[in-house]
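Throughout, residue positions are numbered sequentially from 1 according to the sequence presented.
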Amino acid sequence: MTESLNDKVVVITGASSGIGEASARLLAERGCKLTLAARSIDKMESLAAELSTETLVVGVDLTDPDDITDLVERTMERFGRIDVMLANAGVYVPGQFADGDIDAYSMMLKLNVDAVFRCAHAMIPIMKAQGGGDIVVTSSISGHIDIVGEPVYSASKHAVQTFVHTLRRQVAEHGIRVMSLAPGPVANPMQWLYEPAEQKHAVEVAGSHLASEDCADAILFMLSRPPHVTIRDLVILPQMNRV
């Protein structure tokens, strides 16, 4: 049993590429109205021009609280409601902690954790007032296990997982679902696979990575469950991943 997403208003952060872009394309096909949010305005405007749905493009720096407020206000002015918040934006900084750039780690925590908190905090009053909504956070397999090569990234995703689990119980009575998608490696620029040929090889030949479209399909599955069903955590891995 699936629920129609037609005319649902969806805010997607990190919408200019990767999972965000793939999700925008798929949700547009299902009749959703979209707010695309990221720093790359040109990329989002090009994407919006290809989508057959009403789309708002908002340039944001999600480490700036004022930009998050502006994102929410502009979406409400345009659409009058917000049904889904896809908190997808994030950054990946791996490596030996002692040798790394502490400022880069700090910025990662601001985007991967603080921005998720702030986006959810801004959306919840709106969703309460309208009687429900969905918050979906793009997490990572790193939020479920401790990966030695990425101590701060893993910490950021563990924080997100705990947030999803506890917030869900706080807002369930208001008809708000809080869910987490935790993929393994995804063939997109975050994994330094910049060329389409590299991404295709990693997915279809090596089997070492998921495609962004695989993640978008999973998000669609989560959102299209009937209201009494919450997919709290959905972990997806490439077949050859050894985690």
Side-chain angles (χ1 to χ4, degrees), residues 1-15 19-20 23-38 48 51-58 60 62 65-89 113-139 159-182 215-234:
M1 181 178 178
T2 61
E3 293 289 309
S4 172
L5 299 180
N6 193 52
D7 286 332
K8 292 281 183 95
V9 176
V10 183
V11 176
I12 304 175
T13 67
I19 296 171
S23 297
R25 292 184 184 279
L26 186 57
L27 293 174
E29 291 175 3
R30 296 304 189 275
C32 296
K33 300 174 182 178
L34 304 176
T35 293
L36 307 180
L51 302 179
S52 57
T53 191
E54 187 175 357
T55 305
L56 172 67
V57 170
V58 181
V60 294
L62 291 167
D66 290 339
D67 275 17
I68 293 174
T69 299
D70 181 62
L71 168 64
V72 174
E73 290 178 349
R74 289 179 61 184
T75 300
M76 290 299 291
E77 287 172 3
R78 177 70 169 270
F79 298 112
R81 62 184 293 114
I82 298 172
D83 298 293
V84 179
M85 172 70 206
L86 175 51
N88 168 71
V113 181
D114 187 64
V116 172
F117 292 173
R118 289 180 180 276
C119 284
H121 191 263
M123 298 292 172
I124 288 170
I126 294 168
M127 292 180 175
K128 281 184 177 181
Q130 66 195 22
D134 291 331
I135 297 171
V136 181
V137 180
T138 302
S139 180
V160 162
Q161 288 300 130
T162 299
F163 178 64
V164 166
H165 296 171
T166 52
L167 179 62
R168 177 185 62 82
R169 299 198 294 272
Q170 289 190 356
V171 300
E173 65 182 288
H174 302 287
I176 301 171
R177 299 187 297 189
V178 185
M179 301 176 280
S180 162
L181 174 67
C215 298
D217 284 339
I219 290 167
L220 175 62
F221 172 79
M222 298 165 79
L223 293 175
S224 60
R225 296 310 89 201
H228 69 282
V229 176
T230 298
I231 307 298
R232 189 192 72 173
D233 299 300
L234 182 53

Peer 1: May I ask you to test the L181-N88 pair for a side-chain heavy-atom distance under 4.5 Å?
Peer 2: no

Peer 1: Which atoms form the tightest heavy-atom contact between A48 and V57, and what is the distance?
Peer 2: CB-CG2, 3.9 Å

Peer 1: Excluding sequence neighbours, so at least two apart, what forms salt bridge (charged side-chain N to carboxylate O under 4.0 Å, His left out) with D7?
Peer 2: none

Peer 1: State the CD1-CE distance between I135 and M85, to the nearest 0.5 angstrom.
Peer 2: 8.0 Å

Peer 1: Determine whether L27 and L5 satisfy the following criterion, side-chain contact (heavy atoms from CB on, under 4.5 Å), listing intermediate values before the conclusion.
Peer 2: CA-CA 8 Å; L27 293 174; L5 299 180; 3.9 Å; yes

Peer 1: Of all heavy-atom pairs between N6 and G31, which one has the smallest distance, and what is that distance?
Peer 2: OD1-CA, 3.5 Å

Peer 1: Which heavy atom of L234 sits nearest to which heavy atom of F221, and what is that distance?
Peer 2: CD2-CD2, 4.4 Å

Peer 1: Test of understanding: with salt bridge (charged side-chain N to carboxylate O under 4.0 Å, His left out), list the residues that count as partners of R30, not counting sequence neighbours.
Peer 2: none

Peer 1: Can you give me the closest heavy-atom contact between A89 and T13, atom names plus distance?
Peer 2: N-OG1, 3.0 Å

Peer 1: In chain order, what residues pass the side chain to side chain donor-acceptor pair (under 3.5 Å) check against R81, with sequence neighbours excluded?
Peer 2: D83

Peer 1: Below 3.5 Å, can you tabulate the donor-acceptor pairs from side chains in residues 164-177 to any protein atom, sequence neighbours excluded?
Peer 2:
from, atom 1, to, atom 2, distance (Å)
H165, NE2, D233, OD1, 3.1
H165, NE2, D233, OD2, 2.9
T166, OG1, T162, O, 2.8
T166, OG1, F163, O, 3.3
R169, NH1, H165, O, 3.3
R177, NE, D134, OD1, 2.8
R177, NH1, R225, O, 3.2
R177, NH1, P226, O, 3.1
R177, NH1, V229, O, 2.7
R177, NH2, D134, OD2, 3.0
R177, NH2, L223, O, 3.3

Peer 1: Could you tell me which non-hydrogen atom of A24 sits nearest to which non-hydrogen atom of L36, and how far apart they are?
Peer 2: CB-CD2, 3.8 Å

Peer 1: Only counting residues at least two apart or in another chain, list the ones meeting side-chain contact (heavy atoms from CB on, under 4.5 Å) with A159.
Peer 2: V113

Peer 1: If you round to the nearest 0.5 Å, how far is SG of C32 from CG of L51?
Peer 2: 11.0 Å

Peer 1: Please identify each residue that fulfils side chain to side chain donor-acceptor pair (under 3.5 Å) with T75, with sequence neighbours left out.
Peer 2: T35

Peer 1: Tell me every residue that passes side chain to side chain donor-acceptor pair (under 3.5 Å) with S23, counting only those two or more places apart in sequence or in another chain.
Peer 2: none

Peer 1: Sequence neighbours left out, what passes salt bridge (charged side-chain N to carboxylate O under 4.0 Å, His left out) with D114? Give chain and number order.
Peer 2: R118

Peer 1: So, using side chain to side chain donor-acceptor pair (under 3.5 Å) as the criterion, who are the partners of R78 when residues are at least two apart?
Peer 2: E54

Peer 1: As a quick check of understanding, evaluate side-chain contact (heavy atoms from CB on, under 4.5 Å) for D217 and L26, giving each step before the final call.
Peer 2: CA-CA 8 Å; D217 284 339; L26 186 57; 3.4 Å; yes

Peer 1: Answer yes or no: is there a side-chain heavy-atom contact under 4.5 Å between L86 and T138?
Peer 2: yes

Peer 1: Quick one: side chains of residues 125-132, donor-acceptor pairs under 3.5 Å with protein atoms, not counting sequence neighbours, listed by atom name and distance.
Peer 2:
from, atom 1, to, atom 2, distance (Å)
Q130, NE2, I82, O, 2.4
Q130, NE2, G132, O, 3.2

Peer 1: Quick one: closest heavy-atom pair of A122 and V72, and the distance?
Peer 2: CB-CG2, 3.7 Å

Peer 1: Could you tell me whether the side chain of I19 reaches within less than 4.5 Å of the side chain of I219, counting heavy atoms only?
Peer 2: yes

